[in-house]
Amino acid sequence: NLQPKLQLAKFWPNAGFVSVASSGSLAWLVRPGCLHVPAAHQGTARIKLDKLVTGRAAVGNVDVSLHAEGGTFRLAGDGQLLGGDAHAEAVFVAAEDDSWSTLLSRAPSGHVKADSIRLDSVARALTPRPTGRWRGTVSSQLSWQAGAETLADLRPTLQMNLNDVAFDGR
């Protein structure tokens, strides 16, 4: 079990600290001399991130898994974040002659889905914290296709629903 506490100021100004309790497992195989060949890897890695906190605001928990078989890498995460449910998945497909840099230079297919994320929980997690009271939920889904060479080529689709949203600016 690891319980890191990370300072995010270099990546997100005024973010403060993020802390999390984590545990996981690894079952991974690769042929001798083929560590540099993504298609030669197979196995499963899992990490459980509990008690995710930014500053003093509870964010939630996430279970992340990576499964590799036959040149296909599936990275997935499921959890409860900011009062709602979240799911993300990305799939990378390696050709037999791909290197790690070649594989990672292509965009994977993927999607991210969030259901009933509470705006008051989002406001508590932001630094600096917005003034006023926030109410309501947001649900969204973002998906994109594999193979894009640039961000402009991703052609993402986004759906977003706001429910019972209100802001009191006091």
Side-chain angles (χ1 to χ4, degrees), residues 1-27 44-68 72-92 104-170:
N1 289 344
L2 297 175
Q3 294 186 326
K5 187 174 183 180
L6 308 171
Q7 171 65 285
L8 296 181
K10 288 185 180 181
F11 308 105
W12 183 2
N14 302 319
F17 285 93
V18 172
S19 62
V20 64
S22 64
S23 61
S25 63
L26 177 66
T44 301
R46 298 186 197 288
I47 187 166
K48 185 174 182 77
L49 304 172
D50 286 319
K51 301 176 189 168
L52 183 57
V53 174
T54 63
R56 291 178 301 214
V59 175
N61 61 72
V62 179
D63 293 336
V64 179
S65 66
L66 174 63
H67 180 77
T72 299
F73 293 80
R74 180 179 174 270
L75 178 63
D78 288 288
Q80 290 73 47
L81 297 173
L82 300 167
D85 295 321
H87 171 79
E89 183 175 308
V91 177
F92 295 82
L104 297 175
S105 70
R106 294 188 305 266
S109 61
H111 67 270
V112 176
K113 184 176 181 182
D115 286 322
S116 301
I117 303 298
R118 294 174 44 123
L119 294 179
D120 60 336
S121 295
V122 173
R124 280 193 298 275
L126 294 175
T127 304
R129 182 175 289 174
T131 60
R133 293 181 297 192
W134 297 52
R135 184 184 79 211
T137 62
V138 62
S139 295
S140 62
Q141 184 165 322
L142 171 67
S143 59
W144 61 94
Q145 295 300 314
E149 293 183 20
T150 68
L151 288 177
D153 296 332
L154 280 178
R155 298 187 183 252
T157 58
L158 173 66
Q159 295 176 328
M160 185 174 289
N161 296 312
L162 299 172
N163 300 299
D164 192 30
V165 173
F167 172 71
D168 176 357
R170 289 184 228 177

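These numbers come from the heavy atoms of this one structure, side chains and all, not from hydrogens, waters or symmetry mates.
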Asks: What are the two closest heavy atoms between D120 and W134, and how far apart are they?
Replies: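 It is CB-O, 3.4 Å.
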
Asks: Closest heavy-atom contact between V53 and A58?
Replies: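 Heavy atoms of V53 and A58 come nearest at CG2-CA, 4.3 Å.
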
Asks: Testing the basics here: between L81 and A86, what is the closest heavy-atom pair and its distance to 0.1 Å?
Replies: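 Shortest heavy-atom contact: CD1-CB, 3.8 Å.
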
Asks: About how many Å separate CZ of R124 and CG of L119, when rounded to the nearest 0.5 Å?
Replies: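 Result: 11.0 Å between the selected atoms.
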
Asks: Decide whether S116 and T137 meet the rule of one side-chain donor and one side-chain acceptor closer than 3.5 Å.
Replies: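 No donor-acceptor contact under 3.5 Å links the two side chains.
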
Asks: Are there more than 12 heavy atoms of other residues, nucleotides or ligands under 6.0 Å from atom CZ of R106?
Replies: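 Result for CZ/R106: enclosed.
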
Asks: With a 4.5 Å cut-off on side-chain heavy atoms, are T72 and F92 touching?
Replies: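 Side chain of F92 against side chain of T72, heavy atoms only: no contact under 4.5 Å found.
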
Asks: Any side-chain heavy-atom pair from K51 and N61 closer than 4.5 angstrom?
Replies: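 With C-beta onward as the side chain, the pair stays apart.
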
Asks: Is E89 close to R74 at the side-chain level, that is, under 4.5 Å between some pair of heavy atoms?
Replies: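 Yes - at least one pair of side-chain heavy atoms lies under 4.5 Å apart.
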
Asks: For the side chain to side chain contact (heavy atoms under 4.5 Å, CB included) test, which of D115, V165, L162 pairs with V138?
Replies: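 Single side chain to side chain contact (heavy atoms under 4.5 Å, CB included) partner of V138 among D115, V165, L162: L162.
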
Asks: Nearest 0.5 angstrom please: I47 CD1 to D63 CG, how far?
Replies: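 If we round to the nearest 0.5 Å, I47:CD1 and D63:CG are 10.0 Å apart.
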
Asks: Are any non-hydrogen side-chain atoms of V91 and P108 less than 4.5 angstrom apart?
Replies: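 A side-chain contact is absent here, since even the closest heavy-atom pair is not under 4.5 Å.
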
Asks: Test of understanding: with side-chain hydrogen bond (donor to acceptor under 3.5 Å, both in side chains), list the residues that count as partners of R46, not counting sequence neighbours.
Replies: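 Listed in chain order: nothing, the list is empty.
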
Asks: Find the distance between CG (D78) and CG (D85) and round it off to the nearest 0.5 Å.
Replies: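 Spacing of CG (D78) from CG (D85) equals 9.0 Å.
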
Asks: Could you grab the distance from atom CD of Q141 to atom CG of L158, nearest 0.5 Å is fine?
Replies: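 Atom-to-atom, Q141:CD and L158:CG are 9.5 Å apart.
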
Asks: Looking at side-chain heavy atoms only, is the closest gap between I117 and V122 below 4.5 Å?
Replies: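 I117 vs V122: side chains touch.
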
Asks: Let me confirm one number: the NZ-CG distance from K48 to D50, rounded to the nearest 0.5 Å.
Replies: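 These two atoms lie 5.0 Å from each other.
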
Asks: Just so I know, are the side chains of H67 and T44 near enough to count as touching, which here means a heavy-atom distance under 4.5 Å?
Replies: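 Heavy-atom side-chain distance check passes, below 4.5 Å.
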
Asks: Looking at every non-hydrogen atom in both residues, tell me the closest pair between S22 and L49 and how far apart they are.
Replies: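 Smallest interatomic distance, heavy atoms only, reads CB-CD2, 3.7 Å.
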
Asks: Could you pull out the closest heavy-atom pair between A125 and T54, with the gap in Å?
Replies: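 Shortest heavy-atom contact: O-OG1, 3.4 Å.
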
Asks: Rounded to the nearest 0.5 Å, how far does NE2 of H111 lie from OG1 of T157?
Replies: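 Nearest 0.5 Å value for the OG1-NE2 distance: 11.0 Å.
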
Asks: Do you know which two heavy atoms are closest between G83 and S121, and how far apart they sit?
Replies: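 It is N-OG, 4.3 Å.
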
